[in-house]
Amino acid sequence: MIDIDEAAFFRSIAERGIAYRAGLRDAPVTPTATPDELRLALGGPTPQCPADPAAVVHRMADAVEAGGLMGMDSGRFFGFVIGGALPAAFAADWLVTAWDQNTGLFAPSPATSVIEEVAGRWMLDLLGLPPESSFAFVTGGQMANTTALAAARHHVLGAAGWDVESDGLAGSPPIRLVVGEEVHVTIPRAARFLGLGTNSIEMVAVDANGAMLPSDLERVLALDPGRPTIVCCQAGNVNTGAIDPTGELAAIAHAHNAWLHVDGAIGLWAAACRNATRLAGLDQADSWSTDAHKWLNVPYDCGIVICRHHASHRAAMTATAAYLVQAAPGTDRDPVDWNPEFSRRARGVPVYAALASLGREGIEAIVERCCAHARRFAELLSSEPGIVVLNDVVLNQVLVRFLDPSGNHADHDAKTRAVIAAVQQDGTCWLGGSSWRDQAVMRISVSNFATTHDDVTASVAAIIAASR
Ligand SMILES: Cc1ncc(COP(=O)(O)O)c(C=O)c1O
């Protein structure tokens, strides 16, 4: 190890981070460095001997910041479903690194464990979910869905007289996983992780905007009564933003003794709005997942799982060992009882800071502002000849298609892909593509608290210019 002046080094890195963040407002969003340029700048032979840490990190940052970064925290980034980083959450996340608390157990990390405990309680209250629900701060929506389905697997097999934690799945009653046709890919992936297999999946039809049809859920569940069943619906379709009618689906699922999970990676925070009619009946489900790194605008990586049936959640996740210092039942909260991770970063700390700095009003303001920006995108773009908005903009997602004017040989898919590529190249904003009902589309997701009216105006102008 080479001795350095740590304080000066860290200050210089903090200044760098601050400058990067400040520059996002005006900088182009799209990276300009080529992969080969990045490899050349960052590669080289395997290091054999110690080097000056300050020189190492500044050299790495020089290489990265020379056009290598996507402006994901820019107010003009509309790709995937990616939020920015609220000032309080951003700062708290830095402290999580400085404190470096392994928050798997309460006893060695009491302060960060209490922060997570409080953040979890606030979150249940804000989202209107049963206050006795268990929760865990995990790495993202994928692990939140996986954890919820592990709890569900325990629960529905337990009801069928099978202890999956002890006996595994070999010889168990087969679980049926019922999902909407618009299910997010992380649910079948969770089914693979949990040994349910994708062949256990049965599909329920959806409406034109991608929301699950309760009548078809009823039909599917009636086909095989008595089979242990987990139903997954969603609050926020990754393409259209559609929200499944959770209350109705919960009533149907429960009439068939099924577990209802809500994948709310995108849309669950809309439940914090005082007029949360979009999510009526949300509290009737058995488990919920969401992301803090999407609409709550907490830095990566941070997802959340919530479970009504805490005994099943705990049974699916808990672990004990002689060397661990575990809390007595009913006393403190050990994250290891609820998380798939063992050692873990205190990723609930930035959530606490986000919730405390926003309050209900602040979350509502972000949700409503992003939805209004999305509606404005749809309005402005669809008033341009040759541009069509394909979805009902019920949340923060917009699907746009560009029509090729070349008569009989028109190729609207090619035209749409070409416009997306031209917008990405231009760099005013960044957004990606998808396919909706077998048609190529541009996806616009407004998830960043920092997006302004002017950001939308400039981005619409860039999109229209690219389409001409
Ligand atoms: C509906 C839905 N569920 C789950 C996920 C996965 O979330 P993560 O990327 O945080 O794992 C996403 C990601 O976009 C999503 O849109």
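Just so it is clear, the values below take in all heavy atoms, side chains as well, and ignore hydrogens, waters and symmetry mates. Each residue takes its place number in the sequence, starting with 1. Both ligands and their constituent atoms are indexed starting at 1 by order of listing.
Of the protein's non-hydrogen atoms, Lys294 CE, 3.2 Å is the one closest to atom 14 (O) of ligand 1.
Interface of Val238 with ligand 1, defined as ligand atoms under 4.0 Å from a residue heavy atom, comprises 16 (O). Set against the non-hydrogen atoms of Asp291, the atoms of ligand 1 under 4.0 Å away are 7 (O), 8 (P), 10 (O). Those atoms of ligand 1 with a heavy atom of Gly140 less than 4.0 angstrom away are 10 (O), 11 (O). Interface of Gly236 with ligand 1, defined as ligand atoms under 4.0 Å from a residue heavy atom, comprises 1 (C). Listed by atom number, the atoms of ligand 1 under 4.0 Å from Ala265 heavy atoms are 2 (C), 3 (N), 4 (C), 5 (C), 12 (C), 15 (C). Those atoms of ligand 1 with a heavy atom of Gln142 less than 4.0 angstrom away are 6 (C), 7 (O), 8 (P), 11 (O). Counting atoms of ligand 1 from 1 in the listed order, those under 4.0 Å from a heavy atom of Thr186 are 3 (N), 4 (C), 5 (C), 6 (C).
Ring-centre distance between His261 and Trp288: not below the 6.0 Å cut-off. Between Phe137 and Trp338, the distance from one ring center to the other does not fall under 6.0 angstrom. Outside the 6.0 Å centre-distance limit, the rings of Trp259 and His254 are not counted as a close aromatic pair.
The N/O atoms of Ile266, backbone and side chain alike, include none that comes under 3.5 Å of an N/O atom in ligand 1.
Nearest to atom 8 (P) of ligand 1 by heavy atom, out of Ala235, Ser445, Gly141, is Gly141.
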Query raised in the report: Going through the distances and angles, do Thr240 and Trp436 end up as a side chain to side chain donor-acceptor pair (under 3.5 Å)?
Result: CA-CA 9 Å; Thr240 64; Trp436 178 250; over 6 Å; no
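Using a 4.0 Å cut-off between charged nitrogen and carboxylate oxygen, Arg25 and Asp455 do not count as a salt-bridge pair.
Counting non-hydrogen atoms of neighbouring residues, nucleotides and ligands closer than 6.0 angstrom, the CZ atom of Arg21 exceeds 12 such neighbours. Open room surrounds CD on Gln425; 12 or fewer heavy atoms of other groups in view lie less than 6.0 Å from it.
Phe80 does not carry Arg443 over the face of its six-membered ring by the limits of under 6.0 Å from the centre and within 45° of the normal.
At least one heavy atom of His293 sits closer than 4.0 Å to an atom of ligand 1.
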